[in-house]
*Asks:* 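One structure, pasted below without further comment.
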Amino acid sequence: MSLILAKNKVNIEQLMDVKTPERTDTHTPIPHAMLVERTHEALDRAGLEVTQEEHALGRGGLRYFGGFALKGKDMESSDRQLVLGLRNSHDKSFASSVCIGNQMLVCENLCFSSDVKLARRHTLNIVRDLPLVLSSAISRVVSHWADMGKRIEAYKNTEVIRDRCADLVVDLVDAKAFPARDVYKAVQEFRNPRHDEFKGGSLWTLYNGITENLKGGDLTKLPQRTMTVQSVFDKIAGHAPVIEAVEVEEEEALVLPA
């Protein structure tokens, strides 16, 4: 099973060969490979096992996305697995961040519902603060797993009227969570799901139609897109999430919420 769908996958040796730009007074880029190494260390400390990992580069190595399938106590399911995503950039396009999400095993759809930015900018002390910030992000894994289970049940129990489906997808386009060019594809996926597990005309059916059509797109945008989809659908399903996105500035890096 593929963990992340990307054309430009690389192995860890290739990742280590990526040249990191020199630091400036306002920008301290961190090597992609170092971020991966520090993440492995934080996962080990948390007692989480990496069962699979994949890495992808973009823009000639300036942008990185990695996916790590995790195994831990009370976090096993027959239909989904826990995934931790990493994002990093050398071109100032976005901050380094840890994204916590799920992958549906039947279709490999990937979705995220928690995003912890390691620094609003790649500031001077990002390397110093990295271990603590990563540990704080990873400490949210168990809460995320339980919360996603509740979200799935709420979506399954929420019926979507057939004629209302297109309006909901357009709402996601307005929220910049879904590309306008794929509206018809998402509606058709709702009407005729390619996987039996998603049949039934519920919000869960539509949600998986959306993630099916986000699959294979820009991985660096996927966390924000899927979190925005959930923010819209949670209100419809009456689900109150316990996981919120956290953005950490350099001066806040040593005092993080649990």
Side-chain angles (χ1 to χ4, degrees), residues 3-4 35-36 38-40 42-43 45-51 53-54 64-77 79-89 94-104 109-120 129-155 172 175-177 204 207-208 210-211 214-215 218-235 237 239-249 252-253 255-258:
L3 185 58
I4 57 175
L35 180 58
V36 171
R38 297 291 189 274
T39 299
H40 269 286
L43 290 169
R45 288 194 298 271
L48 294 169
E49 177 187 352
V50 177
T51 60
E53 66 181 272
E54 292 183 349
Y64 163 77
F65 186 91
F68 302 77
L70 303 181
K71 183 178 180 181
K73 183 180 179 182
D74 301 324
M75 290 188 297
E76 294 186 22
S77 173
D79 59 357
R80 64 186 174 111
Q81 66 178 348
L82 183 71
V83 174
L84 181 141
L86 283 182
R87 288 184 291 177
N88 193 39
S89 74
F94 49 83
S96 303
S97 65
V98 174
C99 328
I100 303 170
N102 284 253
Q103 183 185 50
M104 302 310 299
N109 290 3
L110 192 61
C111 59
F112 295 95
S113 57
S114 181
D115 188 21
V116 180
K117 290 180 174 59
L118 307 183
R120 197 164 293 178
D129 298 335
L130 205 53
L132 184 59
V133 179
L134 282 168
S135 294
S136 177
I138 291 168
S139 70
R140 300 149 61 88
V141 162
V142 175
S143 296
H144 165 86
W145 179 259
D147 185 66
M148 191 63 187
K150 294 177 181 177
R151 172 179 285 111
I152 290 172
E153 287 306 309
Y155 286 12
L172 299 180
K176 302 186 185 306
W204 180 236
Y207 181 77
N208 282 281
I210 294 295
T211 55
L214 288 176
K215 187 163 60 178
D218 187 340
L219 283 168
T220 62
K221 295 180 180 179
L222 185 60
Q224 185 58 49
R225 283 178 169 175
T226 53
M227 286 187 290
T228 301
V229 172
Q230 291 165 13
S231 69
V232 174
F233 284 6
D234 282 355
K235 295 175 183 177
H239 176 68
V242 297
I243 301 294
E244 296 180 355
V246 175
E247 189 164 301
V248 182
E249 291 188 86
E252 297 172 335
V255 185
L256 292 177

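Worth saying up front: this structure is predicted, and the values here are computed from it rather than measured. Keep in mind that the numbers below use all heavy atoms, side chains included, and drop hydrogens, waters and symmetry copies.
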*Asks:* Using a 4.5 Å cut-off on heavy atoms from C-beta on, say whether the side chain of Leu3 contacts that of Val83.
*Replies:*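 SC-SC contact between Val83 and Leu3 confirmed.
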*Asks:* Less than 4.5 Å apart, side chain to side chain, heavy atoms only: is that true for Ser135 and Arg45?
*Replies:*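 SC-SC contact between Ser135 and Arg45 confirmed.
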*Asks:* Excluding sequence neighbours, so at least two apart, what forms side chain to side chain donor-acceptor pair (under 3.5 Å) with Lys215?
*Replies:*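 Only Asn109, Glu212 meet the side chain to side chain donor-acceptor pair (under 3.5 Å) criterion with Lys215.
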*Asks:* For Lys176, which residues count as a side-chain contact (heavy atoms from CB on, under 4.5 Å) partner, sequence neighbours excluded?
*Replies:*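 Residues passing side-chain contact (heavy atoms from CB on, under 4.5 Å) with Lys176: none at all.
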*Asks:* Looking only at heavy atoms, which two atoms of Phe112 and Cys99 are closest? And how far apart?
*Replies:*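 Closest heavy-atom pair between Phe112 and Cys99: CD2-CB, 3.5 Å.
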*Asks:* Using the test ring pair (Phe, Tyr, Trp, His ring centres under 6.0 Å), find all partners of Phe68 that sit at least two apart in sequence or belong to another chain.
*Replies:*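 Phe68: ring pair (Phe, Tyr, Trp, His ring centres under 6.0 Å) contacts with His40, His55.
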*Asks:* For residues Ala240 and Asp147, report the shortest heavy-atom separation together with the two atoms involved.
*Replies:*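 Result for this residue pair: O-OD1, 4.3 Å.
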*Asks:* Just to verify, what does Thr39 make a side-chain contact (heavy atoms from CB on, under 4.5 Å) with, not counting sequence neighbours?
*Replies:*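 Scan of Thr39 (side-chain contact (heavy atoms from CB on, under 4.5 Å), adjacent residues dropped) gives Leu35, Leu43, Leu84, Leu86, Leu134.
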*Asks:* Excluding sequence neighbours, so at least two apart, what forms ring pair (Phe, Tyr, Trp, His ring centres under 6.0 Å) with Tyr207?
*Replies:*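 By the ring pair (Phe, Tyr, Trp, His ring centres under 6.0 Å) rule, Tyr207 matches Tyr155, Trp204.
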*Asks:* Just so I know, are the side chains of Ile152 and Arg80 near enough to count as touching, which here means a heavy-atom distance under 4.5 Å?
*Replies:*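 The answer is yes, as the side chains (C-beta and beyond) meet within the 4.5 Å cut-off.
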*Asks:* Going by atom types only, do Arg87 and Thr220 share a side-chain donor-acceptor pair under 3.5 Å?
*Replies:*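 Looking only at side-chain atoms, Thr220 and Arg87 do not form any donor-acceptor pair under 3.5 Å.
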*Asks:* Under 4.5 Å between any side-chain heavy atoms of Arg151 and Met148, yes or no?
*Replies:*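 Contact flag for Arg151/Met148 side chains = yes.
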*Asks:* Find out whether Leu70 and Val50 are in side-chain contact, i.e. whether some heavy atom of one side chain is under 4.5 Å from a heavy atom of the other.
*Replies:*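 Yes; the side chains approach each other to less than 4.5 Å.
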*Asks:* With rounding to the nearest 0.5 angstrom, report the CG to OG distance, Asn88 to Ser96.
*Replies:*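 Result: 3.5 Å between the selected atoms.
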*Asks:* Determine the minimum heavy-atom distance between Ala46 and Ile138, stating which atoms define it.
*Replies:*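 For Ala46 versus Ile138, the nearest heavy atoms are CB-CG2, 3.8 Å.
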*Asks:* Can you sort out the partners of Ala175 under side-chain contact (heavy atoms from CB on, under 4.5 Å), two or more places apart, ordered by chain and number?
*Replies:*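 Thr228.
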*Asks:* Please enumerate all residues that pass side chain to side chain donor-acceptor pair (under 3.5 Å) together with Ser77, with sequence neighbours excluded.
*Replies:*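 Side chain to side chain donor-acceptor pair (under 3.5 Å) check on Ser77 returns Asp79.
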*Asks:* Should Phe65 and Leu222 be marked as a side-chain contact (heavy atoms from CB on, under 4.5 Å) after you check the CA-CA gap, both sets of side-chain angles, and the distance that decides it?
*Replies:* CA-CA 10 Å; Phe65 186 91; Leu222 185 60; 5.7 Å; no
*Asks:* Could you tell me the separation between the CZ atom of Arg225 and the SG atom of Cys111, rounded to the nearest 0.5 Å?
*Replies:*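 If I round to the nearest 0.5 Å, the distance is 14.5 Å.
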*Asks:* Check side-chain contact (heavy atoms from CB on, under 4.5 Å) between Ala154 and all other residues, then give those that pass, not counting sequence neighbours.
*Replies:*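 Expected list: Ala237, His239.
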*Asks:* Are any non-hydrogen side-chain atoms of Val116 and Ser136 less than 4.5 angstrom apart?
*Replies:*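 Sidechains of Ser136 and Val116: no contact.
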*Asks:* With rounding to the nearest 0.5 angstrom, report the CG to CE distance, Asp234 to Met227.
*Replies:*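 Output value for this atom pair is 12.5 Å.
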*Asks:* Could you tell me whether the side chain of Ile100 reaches within less than 4.5 Å of the side chain of Arg140, counting heavy atoms only?
*Replies:*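 A side-chain contact under 4.5 Å exists here.
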*Asks:* My understanding is that only residues two or more places apart in sequence, or in another chain, count here; which of them pass side chain to side chain donor-acceptor pair (under 3.5 Å) with Ser231?
*Replies:*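 Applying side chain to side chain donor-acceptor pair (under 3.5 Å) to Ser231 gives none.
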*Asks:* For Asn208, enumerate each residue passing the side chain to side chain donor-acceptor pair (under 3.5 Å) test, keeping only those at least two apart in sequence or located in another chain.
*Replies:*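 Not a single residue meets the side chain to side chain donor-acceptor pair (under 3.5 Å) criterion with Asn208.
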*Asks:* Can you see which heavy atom on Ala177 is nearest to which on Val229, and at what distance?
*Replies:*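 Heavy-atom minimum between the residues: CB-CG2, 3.8 Å.
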*Asks:* Report yes if some heavy atom in the side chain of Met75 is under 4.5 Å from a heavy atom in the side chain of His144; otherwise report no.
*Replies:*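 In short, these two side chains do not touch, never coming nearer than 4.5 Å.
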*Asks:* Partners of Glu53 by salt bridge (charged side-chain N to carboxylate O under 4.0 Å, His left out), sequence neighbours excluded?
*Replies:*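 Glu53 satisfies salt bridge (charged side-chain N to carboxylate O under 4.0 Å, His left out) with no residue once adjacent residues are dropped.
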*Asks:* OG1/Thr211 to CD/Gln230 distance, rounded to the nearest 0.5 angstrom?
*Replies:*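 Taking OG1 in Thr211 and CD in Gln230, the distance rounds to 9.5 Å.
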